[in-house]
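To start, the structure under review is shown below, and the notes come after it.
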Amino acid sequence: MHDAPHVRELTDDDATTAWHLGRTTFGSDPQPPPDDTTATPGTTRYGAFDHTGRLIGKALDLHHHQWWDGRTVAAADIASVAVAPETRGRGIARALLTTLLRGAHDRGAAISALFPTVAAPYRTCGWETAGSLRTVSLPTALLTRHRPAPHLTIRPGTAADLTAVDDLHTATTRHRRGLLARSGPLHQHRRTRHTTDDTLPHDGLTLVEHHGHLVGYAGWDRRHGYGDQGTLTVEDLAASTADAARALVGTLASWHSVAPTLRLTLLPGDPLIPHLPVEKAREHEQDTWMHRPVDVTRAVRDRGWPAHLNGTTTFTLDDPLADWNTGTWHLEVANGSAELRRTTTPADLHLTVRGFALLYTGAATARTVAQAGLLHHPAGTDPAPLDLLAAGGPAQLGDYF
């Protein structure tokens with residue numbers, strides 16, 4: 001029998017111990033960062049302590065916002081979950097995540113995403129796999145050397161251009177689902193640091209402008225020298241016009257003599273895809289991501305919905321870690337908005353929180369969720385009305401955190 005851990009927010013007094021736990025877990029640099037602190041704006045750090053006061057687990061709540069059809073939804077995105085090796089399998093992560101969810105709910109978060117090292121512990125806490133972030137490799141020599149259109153200018157970017165970069169990122173991602181919005185204290189903290197130091201987030205930044213107005217950019221890193229292993233990794237990319245996309249591809253192609261391999265993350269529908277030899281792409285890495293609601297009423301209310309969609313359905317939801325989500329709900333979607341209200345009306349559709357995550361992110365249909373055992377209904381009852389919750393298409397994540 002082991003005592004339940006005590007979970008609380010970490011303070012600066014815990015910073016060194018927390019860093020050592022993370023270094024041990026993830027095998028990071030043995031030298032601590034010079035600004036080692038727990039007080040980063042837009043974050044909440046939690047620690048689990050045993051009866052002696054020893055730190056045995058930690059988790060980080062990132063106060064992100066995600067775009068959902070033109071509206072931002074407050075998120076509690078999770079990173080840096082670590083448990084001391086001697087205490088694994090004793091419910092430490094579950095205790096951390098239960099406290100984190102309650103804290104996130106209290107501060108107004110609606111949804112949560114994470115990139116798991118292993119999915120099973122998160123599934124027991126209500127998260128479910130909803131997609132993957134894929135990085136591919138392309139032979140740089142196969143890219144077409146497009147000449148930029150006469151009305152376009154290509155130049156290197158500086159820290160002074162980062163605000164315009166953020167604005168273009170917003171313009172090209174706000175209509176999607178799940179992508180991180182560049183707003184809030186955490187993003188502002190990171191942006192202020194680069195502006196103050198006059199540095200860039202990456203090795204270089206290439207801008208495409210139309211009469212001084214930014215229409216495309218690529219933030220990139222150079223690695224592995226200039227021989228056969230030389231790579232150009234595009235970390236951040238956006239284009240608002242086809243001409244801008246072609247100009248970016250042409251500039252990336254110019255690296256072929258010193259960087260034979262181009263690595264980049266391409267989301268479905270990316271405007272660069274029609275201008276790239278994607279048939280030659282090879283997968284470099286794939287990072288699975290998971291999702292769950294923090295507060296189902298906010299998750300439904302705060303996002304955008306397809307304007308043409310109208311409908312209602314009733315279902316029960318079971319959420320063992322977040323009891324405020326448990327109950328019977330009536331969903332109504334109309335005119336680009338939706339509302340979830342508690343009801344006493346009996347419901348035939350019984351949804352688990354993991355099933356809710358799959359539907360909300362458009363990762364599955366009600367029938368396939370039922371086949372997976374995450375939605376239960378009487379024989380002969382059609383689960384398809386819950387497809388209303390899945391309307392709008394699949395969600396995506398474009399940033400690893």
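- Checked against L351 for a side chain to side chain contact (heavy atoms under 4.5 Å, CB included), the options V369, V296, L374 give a single hit: V369.
- Aromatic ring orientation, F49 versus H6: tilted (interplanar angle from 30° to 60°).
- When side chains are defined from C-beta on, R292 counts as touching D319, because their heavy atoms get closer than 4.5 Å.
- F115 and Y400 have tilted rings, their planes meeting at an angle from 30° to 60° on a 0 to 90° scale.
- When side chains are defined from C-beta on, Q188 does not count as touching L186, because their heavy atoms never get closer than 4.5 Å.
- Note: S137 OG to E285 CD = 9.0 Å, rounded to the nearest 0.5 Å.
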Exercise for review: Start with the C-alpha distance between I78 and L60, add both sets of side-chain angles, then the distance that settles side-chain contact (heavy atoms from CB on, under 4.5 Å), and finish with yes or no.
Suggested key: CA-CA 6 Å; I78 297 173; L60 173 63; over 6 Å; no
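- Side chain to side chain, T265 and T135 meet the donor-acceptor criterion of an N or O pair below 3.5 Å.
- Side-chain polar atoms of W220 and T233 form no donor-acceptor pair below 3.5 angstrom.
- Between the side chains of H275 and T144, no donor-acceptor pair is found at a separation under 3.5 Å.
- Side-chain atoms of D236 and Y217 include a donor-acceptor pair closer than 3.5 Å.
- In this structure, the side chain of T99 engages the main chain of A95 through a donor-acceptor pair within 3.5 Å.
- D387 places no side-chain N or O within 3.5 Å of a backbone atom of A390 that could act as its donor or acceptor partner.
- Between atom OG1 of residue T365 and atom CG of residue L358 there is a gap of 10.0 Å, rounded to the nearest 0.5 Å.
- With sequence neighbours excluded, the residues satisfying side-chain contact (heavy atoms from CB on, under 4.5 Å) with T312 are H330, E332.
- Contacts classified as ring pair (Phe, Tyr, Trp, His ring centres under 6.0 Å) and involving residues 75-109 (residues at least two apart or in different chains) are given here: H105-W324.
- Between L359 and F315, every side-chain heavy-atom pair lies at or beyond the 4.5 Å cut-off.
- Side-chain contact between R190 and P201 is absent, with no heavy atoms from C-beta onward closer than 4.5 Å.
- Considering only heavy atoms from C-beta on, R134 stays 4.5 Å or farther from H284 through its side chain.
- To the nearest 0.5 angstrom, Q396 atom CD is 12.0 Å from L180 atom CG.
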Practice item. Apply side-chain contact (heavy atoms from CB on, under 4.5 Å) to H350 and H377, showing your working. Key: CA-CA 6 Å; H350 303 277; H377 57 88; 5.9 Å; no
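- Relative orientation of the Y360 and F356 rings is parallel, given thresholds of 30° and 60° on the angle between their planes.
- With rounding to the nearest 0.5 angstrom, the CG atom of D61 is 4.0 Å from the NE2 atom of H63.
- No side-chain N or O of D243 forms a donor-acceptor pair with one of T241 less than 3.5 Å apart.
- A donor-acceptor contact under 3.5 angstrom links the side chains of W127 and S112, judged on distance only.
- For R177 and W68, the positive end is not near the middle of the six-membered ring at less than 6.0 Å and at most 45° from its axis.
- The side-chain hydrogen bond (donor to acceptor under 3.5 Å, both in side chains) test with R223 singles out one residue from T261, D203, T231, and that residue is D203.
- No donor-acceptor pair closer than 3.5 Å links the side chain of D197 to the backbone N or O of T199.
- The residue from R54, K58, R8, R45 that alone fulfils the salt bridge (charged side-chain N to carboxylate O under 4.0 Å, His left out) condition with D14 is R8.
- Cation-pi contact between R71 and W67: absent, since separation from the ring centre below 6.0 Å together with deviation from the ring axis within 45° is not met.
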Practice item. Step by step, work out the side-chain contact (heavy atoms from CB on, under 4.5 Å) result for L96 and T98. Key: CA-CA 6 Å; L96 278 166; T98 299; over 6 Å; no
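- A donor atom on one side chain and an acceptor atom on the other are found under 3.5 Å apart for D166 and H187.
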